[in-house]
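Below is one structure, written out as structure tokens; the observations come after it.
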Amino acid sequence: MTLIFDAVTKRFATGTTALDDVSLDVGPREFVSVVGPSGCGKSTLLRLASGLDVASSGTVRVDAERLSYVFQDPALLEWRSAARNVELVGELRGVEKQERRLRARAALALVGLEGFAQQHPRQLSGGMRMRVSLARALVSDPQLALFDEPFGALDEITRLQMQSELQRLFAAPDTHFAGLFITHSVSEAVYLSTRVLVMSGRPGRIVDEIDVPFAHPRPPDLRHTAEFAELTGRVSAALAGEVAA
Amino acid sequence: MTALVEPTRTVPDDGSPTAPSRPWWRSALARSAPIAAAVAGIVVIWYAVSYLVLSPSQRFLLPPPHEAFGVALGNPRIAGPMFEALGRSAAVALVGLVVAVVLGIAYAVVMSQSSWAERILYPYAVILQTIPILALVPLIGIWLGYAFTARVVVCVIIALFPMISNTLFGLQSASRDAHDVLTLNRATRWQRLVKLQLPAAVPAIFTGLRNAAGLSVIGVIVADFYFQQGDPGIGGLLRLYTTKLQMEALFTAITLTALFGVLVFSAFALADRLVVGRRYGR
Ligand SMILES: Nc1ncnc2c1ncn2[C@@H]1O[C@H](COP(=O)(O)OP(=O)(O)OP(=O)(O)O)[C@@H](O)[C@H]1O
Ligand SMILES: [Mg+2]
């Protein structure tokens, strides 16, 4: 699995240049976060990576058979139960009924929702809805998972929980995905990632790249260590340099 | 009505533990309390006008309810034809509604498939909506006669637009993210329609259905009123009673028509609550 952006520029018909000469790559078992000011083109970056949109120039190469996408909004179908929302992926891809049921159940168990399979989205809390969305993304056993600020709308406590959950899933023996993760939160980026990319304001360019050497799985109190503070400091400084410029 | 609502209670695919504890008829009763109160209010006003506003010599203009109903319903030669006419009109309204629903949903589905289709087809729906129906009714009579078919067509013309516009709105209501989920999983056009757009449209379709049902009742009264030839519908009798100044029969017929309209509307409102309320949490 590799994802490669080579000198990618995205200009919309409206004249907005969202991305300017962006190059990056994500290798197997990497978890790369992208932080940047609002409107700098982070969502656009993911849409290009997923093939939902195409670059104006440059090349996007995705060498992954199975790819999944988690949106900021859980984007669940409200008329389907949690289990049937997860099954949707199998339905669309022609997976046989028995098989897709089993897989949906397993994916829900993976995110800790085995007791809530039959609940409809409106009966679930915001955090649980996001877990269903994660289960839907993981049910196809993706090689590349794209995340567009998935925890941005959650309260702080739930957010920290979801971060632990996601890094546990990333490190779990039964998942095999590389991640590309968009966020506004510097500590979230450092906590989750093997590498953090810092983007400039629009038009978005990659202005810094910071390796995060901690091993997975990561304990929650990693956030309180001096090494962690040093790394978030570096990302924040890179970001601040951009905001000031 | 029991037959109508039972199936939605027994859909087997979820053992949702939060099923409401009140039986459906209790909540239906609670919900119909305001409309019952309104009916009672109307009866009170009716009596008040009859007895307090009108002098005895004018009272024939608005005979009190018990007198009006007593005279009309007590006389089989009035009540018999009246219920027959109501039955005929109800059949027309129902068939008209079914046709409007099928056509309206189909038309909206076609429009939802491309922005071109929408741009080409939507204006016809708008024109249909803006032509005053009374301008068309005589023409429909000349072309199609004055019986069942012509009356159904009038109902369809009146009831179609809310079906089309609500369904289209519903089909387009799914979020971009939800569409992207389907795109990323390589959904076909058909899968997108049946797994996303149509289910997303169900609440709006029910709204359309409620409006179309009310309009279909109005449609049949208009058609009956203008198509005097052949077996009369309730609208035809309204006109007959008016010209013959049979005030008791007139008020009874008006009341029956109104009750029929309320009944149809309530039936759909109830179905709406049961299907949409339960599945969609609205
Ligand atoms: N389909 C589109 N057509 C025209 N302009 C667009 C389109 N999508 C995004 N843009 C513009 O491109 C720029 C980048 O948008 P994008 O959504 O990628 O930013 P973002 O970094 O994800 O922002 P946020 O942090 O607020 O989510 C914005 O100025 C936006 O207005
Ligand atoms: Mg965004």
Side-chain angles (χ1 to χ4, degrees), chain A residues 43 46-47 49-53 62 64-95 97 100-101 115-124 129-130 132-133 136-137 139-140 142 144-146 148-150 153, chain B residues 7-21 112 115 167 169-207 209 271-282:
Chain A
S43 296
L46 280 202
R47 293 181 67 80
S50 68
L52 283 172
D53 212 337
V62 189
E65 275 161 43
R66 294 178 306 279
L67 173 152
S68 63
Y69 203 129
V70 181
F71 301 88
Q72 170 161 5
D73 185 293
L76 301 178
L77 308 186
E78 56 187 292
W79 54 90
R80 285 175 170 244
S81 64
R84 301 252 301 129
N85 262 289
V86 178
E87 267 185 57
L88 177 72
V89 173
E91 272 173 56
L92 295 173
R93 294 177 170 229
V95 176
K97 193 168 189 165
R100 70 176 191 243
R101 288 242 162 107
F116 298 87
Q118 301 310 325
Q119 304 275 336
H120 281 239
R122 75 189 133 92
Q123 300 168 312
L124 301 173
R129 282 199 287 272
M130 189 40 78
V132 177
S133 188
R136 183 179 60 194
V139 72
S140 56
L144 175 63
L146 307 170
D148 194 354
E149 294 186 50
Chain B
T8 59
R9 292 266 302 153
T10 53
V11 171
D13 82 276
D14 82 354
S16 162
T18 60
S21 50
S112 74
S115 60
T167 306
F169 169 79
L171 290 170
Q172 294 173 339
S173 68
S175 70
R176 180 171 100 154
D177 288 351
H179 274 285
D180 286 345
V181 169
L182 269 78
T183 307
L184 289 164
N185 287 293
R186 303 193 192 88
T188 61
R189 188 177 279 267
W190 173 251
Q191 284 177 323
R192 193 180 297 275
L193 179 64
V194 300
K195 294 195 188 292
L196 179 61
Q197 292 178 291
L198 275 174
V202 166
I205 289 176
F206 267 93
T207 303
L209 209 56
D272 186 354
R273 291 222 65 77
L274 289 171
V275 176
V276 181
R278 220 148 276 224
R279 295 265 126 207
Y280 292 73
R282 297 220 171 135

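Labels below follow one simple rule: chain letters A, B, ... track the order of the sequence lines, proteins then strands, and each chain is numbered from 1.
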**Q.** Region of L76(A) in contact with chain B, defined by heavy-atom distances below 4.5 Å
**A.** neither
**Q.** Under 4.5 Å from any heavy atom of chain B - which part of R66(A)
**A.** neither
Q: Would you name the heavy atoms of R93(A) and L184(B) that are closest together and state the gap between them?
A: NH2-O, 3.3 Å
Q: Taking all non-hydrogen atoms of both residues into account, name the closest pair between R47(A) and D180(B) and its distance.
A: NH1-OD2, 2.8 Å
Q) So, for A75(A) and A178(B), which heavy atoms are closest and what is the spacing to 0.1 Å? A) CB-N, 4.1 Å
Q: Evaluate the side-chain contact (heavy atoms from CB on, under 4.5 Å) criterion for residues V181(B) and R136(A): first the C-alpha distance (whole Å), next the side-chain angles of each, then the deciding distance (0.1 Å), finally the verdict.
A: CA-CA 10 Å; V181(B) 169; R136(A) 183 179 60 194; 3.6 Å; yes
**Q.** Gap separating the CZ atom of R176(B) from the CZ atom of F71(A), nearest 0.5 angstrom
**A.** 8.5 Å
Q: Please report the shortest heavy-atom distance between E65(A) and R186(B), naming the atom on each side.
A: O-NH2, 4.5 Å
Q: Using non-hydrogen atoms and a 4.5 Å limit, figure out which bit of R192(B) sits close to chain A: side chain, backbone, both or neither.
A: neither
Q) Do L88(A) and L182(B) come within less than 4.5 Å of each other through their side chains, counting heavy atoms only? A) yes
Q: Give, for atom CG of N185(B) and atom OG of S140(A), the distance between the pair rounded to the nearest 0.5 Å.
A: 6.5 Å
